[in-house]
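The model shown is predicted, which means the values in this text are computed figures rather than measured ones.
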Amino acid sequence: MNAPDPAATTASPPHASFAARAHVALADDGLRRKFRRAMDGLMTKRAAQFADTEAWASLRARGAAIRRRALARLPELLEQLEANCRKNGITVHWAETSAEADGIIEGILTRHGVRTIIKGKSMVSEEIHLNHFLGEHGIGAIESDLGEFVIQLAKETPSHIIMPCIHKSKEDVASLFEAKIDGQPYTEDVDVLTATARRVLREQFAAADAGLSGVNFAVAETGTLCLVENEGNGRLSTTLPPLHVAVMGIEKVVEQLEDVPPLLSLLTRSATGQTITTYVNFISGPRKTDEQDGPREVHLVLLDNGRSRIHGDLQLRETLACIRCGACMNHCPVYTRVGGHAYDAVYPGPIGKILTPQIEGLGKAGDLAHASSLCGACGEVCPVAIPIPDLLVRLRREASHAIPSSSVMGAGAQHSAVEDWIWRGWRWMYATPLFYRLATRMLRLIGNRLPASLPMLRDWTRVRAKPQFAPRSLHDLARDRGYHDE
Amino acid sequence: MNNARSAILARLRATPQGMLPALPEWRTDVPSAERLDRFCTLLEASHAEVVTSASQRWPALLAERLKARGNTGAIGPVLYAPGTAHGRQLAEAWADQPDFPLVAYDRPVEELKETLVHGVGAAVTGTMGGIAETGSLILWPTRDEPRLMSLLPPLHIALVDAGALYGTLTEAMIACDWAAGMPTNALLISGPSKTADIEQTLAYGVHGPKELMVIVLDP
Ligand code: SF4
């Protein structure tokens, strides 16, 4: 068989604005159909799970409180988690940046002479671009989640945090497997395609020197790592190879074991409309001396990468309550139309629009905060009640501030002196009755004659009709009816 | 590395704690009378086969079931846990049963890897009980009944005691005092391995067992 080329991780596409990428995506009818269909299905399934609105409200309130408590107590919980993991025999590492996390993982693997690592699904490993980094150091990383396996073969990036190859049709997968896997004929039979992946990856699992996984919830009370999945690849990655490395953002910790059931229920039902996933793992250490299987060593890498800065601002801290269910993207009218790749970010959709600009800085990713109509659907479905629209507005404001604030990296990046002056003029006009009257009369006279191609006006009229000024202002009409200025 | 630890913790500590909300009341429950029914219905809905058996008779029943599929050779050897009570029961009952040879998982995975990965068709394990609300099995692998048994073979046969059904996961955690001592790997299983990654089409057995048979032991 052809192993997926582990070093070949996708490089990000040439930098362009979200708007430019969205335009390209919008022109792709096939892509839009695929996302529409998938999102419609996911929304229906989720709605069926939460048909009882009272039960939804109380479960959500519990989940939201659990996450807020964990964030309020974050430093002490991290220390408790670390202590209990140590007691259980798990080695804990701390990383401030992506580069540090990559280096730590590479160090562990090199010390053990690891040549290939098999991976369960982990968004944090995408965030730190681990596959690429390991590839450069001669260590192959093989994705074993079916969706991740497909996009690794295709040398692409995930377009959804739960269903990474949602942008691919079964015809796409059929051609890909035919081209990349020896002896595989073209077939659109999903059962056959799945069986092929099983066969190919089984060998990889048996041969891998180490396994890597993410973490859905880390329980401080017991030093337990919870891993939620349907396929069993997470279990294989964390059981069959002799070494297991888990990587998680520092915000994933919860206080106690009893916090897991409500969060688990919110996660699986919001994500895919399942009452529960096929497998829920509670990993609390490496193989004990008298046990027959399981890894001999377990390492946990705690990644900051900007999270402690986000934590420092009480409003923005809400971002860290996220349990990565993906419901916000499934319900986002923008995401559904442009798909995941248009965001050019590891985390797409609404959660990505608030998280990415904070992790990468407003200078680099600030335009993502504008990739929203602020319709509010994301905030409504979020199982832990993150006010995503409010945070989008906050980030937009931070980006255009004249005075940079310390809460957000790159605050003020989109500040424009011209825009500032326009707003000042606007404010002055509204506060000065004489000028207000003069200006409205002027606009009535010449407004409709202004060509639509004027700078700035052009941005508006490119996709909308030019607004028409009425011959008489509301003020004049009111005065005719006998109302007077106070 | 230690620098990272202290720098991260210092940054986190430098900021206001913020509100520490109380946990609002939240409870779900499945009444005792409905548990078995709901447990079986949900498991079947997630593509598992559920059969009920008297606790003395299950090895015979299992053999019948497997034979009824026809082509007994296709199933292949059956992995079992010789150190457990149900493992011994199975070995005894199947002693002169020629169709399904038994393979014991009695040594470290390193010595048995090839057989485990390619050479067995099914495995029989016990469980710690079940959860009615979600139709889940609770597995608590031990030295005698290792983790890979419920993961590598294409068919997983799980025994669950009808008397060990909990309403919810929370109830099971409290009743068995999980927090007092977690095993290396506790596990919930709610059906055979599945994926919907290709065009949201459900397919079974992508990595773990393609089939799950649950035998409910009702004395
Ligand atoms: S922000 Fe809310 S809805 Fe979006 S992924 Fe996170 S938890 Fe889910």
Interface moiety of [X] toward chain A, non-hydrogen atoms closer than 4.5 Å:
X        : value
B:Ala22  : backbone
B:Pro209 : both
B:Asp144 : neither
B:Lys194 : both
B:Glu133 : backbone
B:Thr170 : both
B:Leu152 : both

field: Evaluation steps, side-chain contact (heavy atoms from CB on, under 4.5 Å), between B:Gln200 and A:Ile166
entry: CA-CA 8 Å; B:Gln200 296 85 54; A:Ile166 206 159; 3.6 Å; yes

With no hydrogens and no angle check, is any side-chain donor or acceptor of [X] less than 3.5 Å from a backbone partner on [Y]?
X        : Y        : result
A:Asp304 : B:Ile8   : no
A:Asp290 : B:Arg143 : no
A:Arg198 : B:Gly208 : yes
A:Lys168 : B:Ile198 : no
B:Arg11  : A:Ser308 : no
B:His207 : A:Ser144 : yes

For [X] against [Y], the heavy-atom pair lying closest together:
X        : Y        : result
B:Arg147 : A:Pro295 : NH1-CD, 3.9 Å
A:Pro261 : B:Met173 : CG-SD, 3.8 Å
B:Pro108 : A:Arg287 : CB-NH1, 4.2 Å
B:Val117 : A:Arg202 : O-NH1, 3.4 Å
A:Gly312 : B:Thr15  : CA-CG2, 3.1 Å
B:Asp197 : A:Cys165 : O-SG, 3.3 Å

- prompt: Counting heavy atoms not belonging to A:Glu54, are there more than 12 under 6.0 Å from its CD?
  reply: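 No, CD of A:Glu54 has 12 or fewer neighbouring heavy atoms, counting only those of other groups under 6.0 Å.
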
task: Flag yes if more than 12 heavy atoms outside A:Lys87 fall under 6.0 Å of its NZ atom; otherwise flag no.
output: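 Atom NZ in A:Lys87 is not crowded, with 12 or fewer foreign heavy atoms closer than 6.0 Å.
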
field: Option in B:Leu139, B:Thr168, B:Leu202, B:Ile174 with maximal non-hydrogen atom pairs under 4.5 Å from chain A
entry: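 So the answer, after comparing B:Leu139, B:Thr168, B:Leu202, B:Ile174, is B:Ile174.
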
field: Portion of A:Pro242 that has a non-hydrogen atom of chain B nearer than 4.5 angstrom
entry: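 It is neither, since no heavy atom gets under 4.5 Å.
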
Region of A:Leu264 that comes under 4.5 Å of a non-hydrogen atom in chain B: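 It is the side chain, since no backbone atom gets that close.
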
- request: Start with the C-alpha distance between A:Asn281 and B:Leu188, add both sets of side-chain angles, then the distance that settles side-chain contact (heavy atoms from CB on, under 4.5 Å), and finish with yes or no.
  value: CA-CA 7 Å; A:Asn281 283 281; B:Leu188 306 181; over 6 Å; no

Indicate whether the side chain of [X] and that of [Y] have a donor and an acceptor atom separated by less than 3.5 Å.
X        : Y        : answer
A:Glu231 : B:Ser193 : no
A:Ser58  : B:Glu25  : no
B:Tyr105 : A:Asp293 : yes

query: Is there a side-chain contact between B:Leu187 and A:Arg235, using heavy atoms and a 4.5 Å cut-off?
result: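 Yes; the side chains approach each other to less than 4.5 Å.
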
Sub-4.5 Å side-chain heavy-atom contact between A:Tyr279 and B:Ile189: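 In short, these two side chains touch, coming nearer than 4.5 Å.
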
- request: Give a yes or no on whether a salt bridge exists between B:Arg13 and A:Glu79, defined as a side-chain N under 4.0 angstrom from a carboxylate O.
  value: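 Yes.
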
message: Check A:Glu203 with B:Lys113, please: is the shortest side-chain N to carboxylate O separation under 4.0 Å?
response: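 Result for this pair is no, no salt bridge flagged.
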
message: What verdict does the side-chain contact (heavy atoms from CB on, under 4.5 Å) test give for A:Glu291 and B:Thr142, after you've listed the backbone C-alpha separation in whole Å, the side-chain angles of each residue and the deciding distance to 0.1 Å?
response: CA-CA 7 Å; A:Glu291 286 175 340; B:Thr142 58; over 6 Å; no

B:Glu199: which of A:Met163, A:Glu171, A:Lys34 passes side-chain contact (heavy atoms from CB on, under 4.5 Å):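 The side-chain contact (heavy atoms from CB on, under 4.5 Å) with B:Glu199 is passed solely by A:Glu171 among A:Met163, A:Glu171, A:Lys34.
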
query: Yes or no on side-chain contact (heavy atoms from CB on, under 4.5 Å) for A:Asn88 and B:Thr184, after CA distance, side-chain angles and deciding distance?
result: CA-CA 8 Å; A:Asn88 293 340; B:Thr184 311; over 6 Å; no

